[in-house]
Structure formats: C-alpha cells, structure tokens
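Here's the structure, in structure tokens; my notes come after.
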Amino acid sequence: MKALADLQLSRGAVNFVEEERFQALLEMPAPDRGRVREIIAKSLAKQPLSVEETALLLAANDPETVEEIFETARQLKRNVYGNRIVLFAPLYIGNHCVNDCAYCAFRRSNPDAVRRTLSPEEIEAQVEALENRGHKRLILVFGEHPRYDADFIHDTVQQVYAIKVGHGSIRRVNINAAPLDVAGYRRVKEAGIGTYQVFQETYHEPTYHAVHPATTRKGDYLYRLDALSRAQEAGIDDVGIGVLFGLYDWRYEVLGLVAHALHLQERFGVGPHTISFPRLQPAAGVHLDEDYLVDDEDFKRLIAILRLAVPYTGLILTARERPELRREVMAFGVSQIDAGSRIELGGYTEVGDAQVQHLEREQFRLGDIRSLDEVMRELLVDGYIPSFCTACYRLGRTGEHFMEFAIPGFIKRLCTPNALTTLMEYLVDYASPETRAAGERLIAEELDKIDDAKLKAELVRRLERIRTTDARDLYF
Ligand code: SAM
Ligand code: SF4
C-alpha cells in the first residue's frame, strides 16, 4: 500500500519540532541557581517560557532546585489560578479503528477487541446516566474510522446537547477524535463543540513512525502535527494538545508541547486551551519497550515544569492516574480532572458500580475508578472548589484562560461565583449528605472571602434560588 505521507495529506504543514535542536538543548548542563530563579520570576509574572528556558528547568537536577520548581508551581496555583478544579467525564462513542497504534487496545490488529459503536438509544442511556450523577461537561471519544466522520461527530454532539433529565443537561461537549480536514472541522464546529483535542502522542518523529505504521492514516506525522492548526483555520479556537508519556524521553516531549503551544500562539494569536499528559497504561495485548515509562517523581516534575512554562493553558489530569497521586499533583496547577469515569463502551449503565475492569473491552486500564461524588468530597475537604462552569464558552468568551489572567478581577468577578453556583446545583441535585455538608461549608468559607458587597449579595441571592427553587444555570 502507498504510504499516506506520499499522498501529501499534510501539504502546507509546518514542522515546528526541531529534533536536533531539542536533543542539543537536552544535553545542556544544569543551570546555576541564579538562572533558575530568573526563569521562575518570569513564570510568576505569567510570561510564557521559551523552549530553551523550559529545557533549562528540565536540566535542573539537584533536589533543592527541583523542590523550588515544585514550590513555584504550587504558588502559581494558589496565587494565580485560584482553587477551582473543573470536572468532566469521558464518553466513548465507538472503538472501530483503522489505525494500528502499538500502545492501544483499539488497534485494528487486536483480534480480542470487542468492537462496538453506541446506537442513538445507547448514547441517550449513557448521557442520562451521566446527567443523573451530576455531570455537565463531557468529552466524546472516538476511534478513527470512516463511520466516525465529521457529520457523525456533528450529529452525535447535537444529540448529546438535546438530552435532558430532571435538572440535568450537558452544557459543554468536547471532542477527542481523529484529525479532520478544514471542512470537517467547520462542520463539527457548527454543532457547538467546546474543545477539540488531538494528542500528538510523541513529538519524536522516529518514535512516532515506530509506533504508527506508515500504511495507516495516523502514520502521517505531519498531518497530525498540523491537525489543530487546521482546526484553528476552521474557526475552532479551543484546541487541546497532548502527549502519551512513556513512548519517548519525557523531557523531549515537554519541549514538543511547549513548541506546539508557542507555534499556535504565534500563528493564530491564541495558544492551546488545554494540555493533556496521559501516561501509558497497561492495555490488552500491548507489550511496549519499558525504557521510557515515566515514574511518579518525573511525572510530578513534568507537570510542575509545564505549569511554569505555559501560564495561559489549562492542564488536564486524567483518571488514568491513581487517586493518591492525583491528589498530590493537583496542587501543581492542574485545572481540570475527569471523575466517575468509565471507558468501557456502555460503561455508565452496563457495569453498574461493580467497577470491574474488562481489559478486552477497554482502551487501557484506569487508575481512579471512584464515583464523582467521592472525588467531589475529597476535593471539598482539600479546600478546592469543584466547578462545572461552562459560562465562558457559552457567552463566546473563548480562550478564557487567557482572559482569566489578563483581565484584572476576572477570576473574582466571574470564575469563582460561577464555580460556586454550579457547585450548589450539584449539592442540591446529586450529592450524598456528606458531600453536601462539605460543600455547604466550603461555600460559606468562600463567601466570607468576597469583599465586593454588591457581588456577594447577588451571589447569595442566586445560591438561595438554587437551594430553594428549580432555577438553574444562573451564570455570571
Ligand atoms: N482515535 C483518536 C486518536 O487516536 O487520536 C482519538 C481517541 S484515542 C481513543 C485517545 C487517546 O488515548 C490517544 O490519543 C492516546 O494518547 C490515548 N491512549 C491510547 N492508548 C493508551 C494507553 N495504553 N494508555 C494511555 N493512553 C492511551
Ligand atoms: Fe485507534 Fe486512537 Fe487507539 Fe490509535 S489511539 S488505535 S487511532 S483509537
């Protein structure tokens, strides 16, 4: 078969990954403390770091400097980003796939994969189950297959938005699916999607080719590298980038992510909305080289360094990770997590709460299978405000991370009040008594911190309306 790269699908794509330069940057000696402090000061001033500055942070190896980087990430989280954590859930729509990614159980050469695409009735049942647990934001996940084309994604998104049970509704639908062409992205945008995510998996081209056969659609490295530029061209300005950590040297991948963020920022005036950093998990029939698996210590470092490098970008920590580790790294500036996740097709209704994981039906193994309510309670006890806010994108305030930090008072005036009203909705409609009590306590504490009397009075009024009436979705 002719390699897809030869068909020039990726004509016009820009390769912003400079392999030789990246390798040279990773060989730099550790910087002295003074230089690290200069870079830290730049981060604290909310300025994006260059690829070279990021490489210097990666080279810093002595325990005290590493601790200083962790502390800066915690400080940025506390002082700059606040204590909100946005919650979402993944919904797997179909796992037919024409690709053969070496790490994924959905790969076409896996004879044991149970293939399935949810029917409209099954989608309805899954979405109702998610709404009944309190979810407001979903990410729809698709294999790569002609049946999951732009029209199919568009129609699925529209269907999901239309499903309502009780006070439940899905207010933001994000997508993780194969790259599309510009016309395809335009079509998907018409359905009112939130973020479109495409993970590069690895920015190291030789590794990319080793795990993605050239005869498959995904084998075209440049077409994938250019995927989110095409999305931007089509007018989708919330895009999510990511790496599958464990395929190649994590330090190189961090440089790739930073280069990608800077590239989008330069070319379109808006950087990525989010960065995801999944770590490779065990999956059916997958036997990969273990040389590049990232241990917990390095995983913490990579999150902290990303936090410092890309101030205006949300960081997504997924349920692939174990609860204890999620709790710890949350403090490093993570802004979104999924909770109550099931990645088996139909998993929100069909496996009940038994939470048994069937590797032959899943893409990989999850590390955190606690319910949304349990995760909410832990967040509340730890002093975070779990938020289901979707106001910005619904009011056309896309690129909100940028505005949050660039517009004085934005977080205080809009983000925190919206987090609290959506939290109140959850407490009233879905929470267990323990979670409700923890939530009411946190809301009272947060109200005490608001010094704008007019705003506070309006917020108290809205919270009381939610508590005592059917009024919902009262965003600022
Ligand atoms: N099929 C589309 C694609 O490949 O871009 C989108 C969906 S794919 C199911 C979503 C992501 O799952 C992939 O981009 C990859 O990073 C991640 N993934 C695949 N296998 C994994 C594994 N064994 N462990 C952790 N994440 C994995
Ligand atoms: Fe298919 Fe995506 Fe899995 Fe690759 S990662 S085999 S493209 S579902």
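Quantities reported herein were computed from a predicted structural model and do not represent experimental measurements. Computation of the quantities below employed the complete heavy-atom set of this structure, encompassing side-chain atoms and omitting hydrogens, waters and symmetry-equivalent molecules. Each ligand, and each atom within it, is numbered from 1 in the order the structure gives.
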Show which side-chain atoms of residues 51-58 pair as donor or acceptor with protein atoms under 3.5 Å away, not counting sequence neighbours.
from : atom 1 : to  : atom 2 : distance (Å)
E53  : OE1    : K42 : NZ     : 2.9
E53  : OE1    : S50 : N      : 2.8
E53  : OE1    : S50 : OG     : 3.3
E53  : OE2    : K42 : NZ     : 3.2
T54  : OG1    : S50 : O      : 2.8

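- A tilted orientation is assigned to the rings of H209 and Y221, their planes being inclined by 30° to 60°.
- Taking the side chain as every heavy atom from C-beta outward, E20 and Q23 never approach each other to under 4.5 Å.
- When heavy-atom distances to ligand 1 are checked against 4.0 Å, the residues falling inside are Y103, C104, V141, F142, G143, E144, N176, A177, F199, E201, K218, R224, L244, R279, L280, Q281, A283, R320, Q363, F364, ordered by chain and number.
- Put simply, CD1 on I170 and CG on L130 are 6.0 Å apart, with the number rounded to the nearest 0.5 Å.
- Side-chain atoms of R172 and T195 include a donor-acceptor pair closer than 3.5 Å.
- Relative ring orientation between Y92 and F106 is described as perpendicular, the plane-to-plane angle rising above 60° on a 0-90° scale split at 30° and 60°.
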Tell me which donor-acceptor pairs under 3.5 Å the side chains of residues 251-262 have, and how far apart each pair is, sequence neighbours excluded?
from : atom 1 : to   : atom 2 : distance (Å)
E253 : OE1    : Y203 : N      : 2.8
E253 : OE2    : T202 : OG1    : 2.7
H260 : ND1    : Y203 : OH     : 2.7

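- Protein N, O or S atom count below 2.8 Å of atom 4 (Fe) of ligand 2: the structure gives 1.
- Listed here is the closest heavy atom pair of R108 and C97: CB-O, 3.3 Å.
- Each of R279, R327, R326 was compared with E321 under the side chain to side chain donor-acceptor pair (under 3.5 Å) criterion, and only R279 meets it.
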